[in-house]
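Values reported hereafter were calculated over all heavy atoms of this structure, with side chains retained and with hydrogens, waters and symmetry mates removed. Counting starts at 1 for both ligands and their atoms, in listed order. Just so we're clear, the structure is a prediction, and the values are computed from it rather than from any experiment.
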Amino acid sequence: MSEPRLRAKELDAADGLAAQRAEFLLDEGGGGSGGEAVYLDGNSLGALPAAVPGRVEDVVRRQWGELRIRSWTEEGWWTAPERIGDRIAPLVGAAAGQIVVGDSTSVNVFKAVVGAVRLARSADTAAGPVGSAGPVRDEIVVDATTFPTDGYIAESAARMTGCTLRPVPPSGVPDALGDRTAAVLLNHVDYRTGRLHDLPALTAAVHAAGAYVVWDLCHSAGALPVGLDEHGVDLAVGCTYKYLNGGPGSPAYLYVRAELQDRFDSPLPGWNSHAEPFGMRPEYAPAPGALRGRVGTPDILSMLALEAALDVWDGGVTIEAVRAKSLALTDFFLECVEAYVPEGRVECLTPRPHGERGSQIALRCPDAGDVMKRLIERGVVGDFRHPDVLRFGFTPLYVGFADVERAARVLADVLAEPGT
Ligand SMILES: *Cc1c(COP(=O)(O)O)cnc(C)c1O
């Protein structure tokens with residue numbers, strides 16, 4: 001047995017999270033052509049937690065099918081957005097009462113960015129003496145390397161609020177800030193390269209400029225500690241179908257820091273966020289608290305599938321333990337790639353220092369699309385990002401070290417084949 005294979009055995013034997021894999025429904029010898037598939041695409045769609053199918057069956061057949069409308073109150077449908085938000089909260093370092101679940105990440109980016117611009121302007125008005133004009137905050141800074149939807153929505157938010165959009169690479173953000181900056185939209189982890197950005201330092205820089213920051217946590221929530229409260233983050237959004245395993249299209253979430261909730265002015269003030277939703281009043285009056293982030297009727301089926309999926313975090317699984325294993329998995333993957341793949345064949349885009357690494361490894365290789373196709377045929381599932389990136393996501397709750405070794409070995413085999 002090769003050296004990396006022995007190491008994998010030792011690492012799996014010492015893995016305190018190894019038992020969590022049983023909480024998920026994964027292949028049992030049936031996936032791919034080489035037996036059980038190695039699933040390294042949990043950063044795109046998390047695997048199915050075992051508790052979900054039974055819960056969804058109950059929600060559909062009993063709650064909807066039998067109780068029907070009574071379930072809004074008797075089964076807690078109406079309060080699900082806040083209740084499930086409170087279950088996500090500890091995973092991102094937030095106290096209760098600051099997160100609501102609902103709508104897509106894209107929609108929540110819109111609420112948060114417009115909300116941040118409005119906060120910046122209301123702060124200027126509130127701070128200055130009556131009649132004085134504070135600085136005109138008319139710029140939105142956005143991560144120039146962002147996942148496209150965030151950039152598209154920031155551009156539209158800028159047009160709607162009369163702001164100029166300034167796309168800046170995250171390292172250039174501190175220099176781009178000034179007294180015209182209203183809001184800054186940043187990604188905690190870069191979806192392509194897996195680079196982890198410095199949330200505490202960037203948040204502090206935005207605050208020093210008197211602006212408001214929105215963090216997109218899509219690639220960090222459920223994979224590493226975020227510390228929203230600790231670092232004074234203003235607003236944050238994230239999806240739940242990646243490292244939180246909520247299922248395809250499961251609803252996203254919005255965090256609004258407690259001290260800002262009274263001033264948070266949502267650009268989508270639907271009836272679900274009204275102080276008295278069943279008062280059916282013609283005038284809008286926002287509810288107090290995080291539920292100001294709600295819009296319309298929640299998507300109950302996928303929301304309750306997500307609630308069941310969050311059960312995997314019960315029973316003492318900590319985000320710190322998950323982070324430690326995530327770093328061990330990505331370290332080991334790089335080690336195996338170095339051992340198996342001829343030098344120069346792939347280039348690692350993910351930073352080596354732990355403090356700059358998310359829970360994925362991105363490898364650049366010229367024929368990446370074709371290479372990923374062949375990997376998937378052999379039961380190693382990652383994904384391809386245009387134009388030349390192989391992405392491998394490591395979800396510590398169900399990926400083991402033997403999976404990592406096999407993925408690197410199959411990658412080396414595929415790269416050695418003629419035509420690649
Ligand atoms: C996955 C992801 C999204 C997804 O947005 P949806 O509205 O759920 O499609 C948005 N932003 C980032 C950074 C992502 O990684």
Side-chain angles (χ1 to χ4, degrees), residues 40-47 81 84-85 88 91-92 99-114 116 140-157 165 167-170 173 183-197 199 202 213-224 226 228 233 235-255 267-268 293 295-296 298-299 302-303 305-306 309 326 349-350 357-362 382-386 389 391-395:
L40 302 180
D41 215 0
N43 53 340
S44 195
L45 177 66
I84 302 170
I88 293 171
L91 301 174
V92 291
I99 295 182
V100 279
V101 175
D103 311 312
S104 64
T105 305
S106 303
V107 170
N108 282 295
V109 167
F110 176 75
K111 294 179 216 169
V113 172
V114 174
I140 297 174
V141 173
V142 64
D143 175 355
T145 60
T146 188
F147 185 87
T149 205
D150 299 54
Y152 304 155
I153 287 177
E155 194 277 330
S156 177
L165 186 71
V168 177
V173 164
V184 182
L185 172 62
L186 295 168
N187 295 289
H188 198 194
V189 173
D190 183 294
Y191 79 101
R192 258 179 91 252
T193 64
R195 175 183 290 276
L196 172 65
H197 296 298
L199 179 144
L202 287 166
V213 70
V214 179
W215 282 97
D216 184 325
L217 310 177
C218 281
H219 284 272
S220 58
L224 52 97
V226 179
L228 290 177
V233 167
L235 299 139
V237 301
C239 73
T240 61
Y241 50 77
K242 291 170 184 166
Y243 295 103
L244 295 174
N245 314 301
S250 59
Y253 56 89
L254 172 69
Y255 165 92
L268 294 173
V295 184
D299 28 14
S302 41
M303 185 147 333
L306 165 64
S326 159
L349 297 178
T350 310
R357 191 194 300 167
S359 199
Q360 78 177 45
I361 295 294
D383 60 27
F384 160 68
R385 284 294 175 265
H386 195 76
V389 177
R391 276 197 334 170
F392 301 95
F394 298 84
T395 304

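- At a heavy-atom distance under 4.0 Å, only side-chain atoms of N187, from C-beta outward, approach ligand 1.
- Under a 3.5 Å cut-off, the side chain of D190 and the backbone N or O of T193 do form a donor-acceptor pair.
- Close contacts of ligand 1 with T149, meaning ligand atoms under 4.0 Å from a residue heavy atom, involve 10 (C).
- Between the K242 side chain and the G46 main chain, no donor and acceptor come within less than 3.5 Å of each other.
- Close contacts between ligand 1 and S106 involve ligand atoms 5 (O), 6 (P), 7 (O) [criterion: under 4.0 Å to a heavy atom].
- The aromatic rings of H219 and Y243 stand perpendicular to each other, their planes meeting at an angle above 60°, with 30° marking the opposite boundary.
- Each of I84, T105, I88 was evaluated against Y253; a single residue qualifies, I88, per the side chain to side chain contact (heavy atoms under 4.5 Å, CB included) test.
- At under 3.5 Å, a nitrogen or oxygen of D216, whether backbone or side chain, sits near a nitrogen or oxygen of ligand 1.
- Of all heavy-atom pairs spanning T350 and G194, the tightest one is CG2-O, 3.9 Å.
- Near Y241, meaning under 4.0 Å from one of its heavy atoms, ligand 1 places the atoms 1 (C), 4 (C), 5 (O), 6 (P), 8 (O), 9 (O).
- Heavy atoms of C218 found under 4.0 angstrom from ligand 1 belong exclusively to the side chain.
- In this structure, the separation between CG on L217 and CG on L91 is 11.5 Å, given to the nearest 0.5 Å.
- The side-chain heavy atoms of F147 and R192, taken from C-beta on, include no pair separated by under 4.5 Å.
- Atom 11 (N) of ligand 1 has its nearest heavy-atom neighbour, among T105, I153, D103, D150, in D150.
- Short contacts between ligand 1 and S104, defined as distances under 4.0 Å to a heavy atom of the residue, involve ligand atoms 7 (O).
- Taking all heavy atoms of R192, K242, H219 into account, the minimum distance to atom 14 (C) of ligand 1 is reached by K242.
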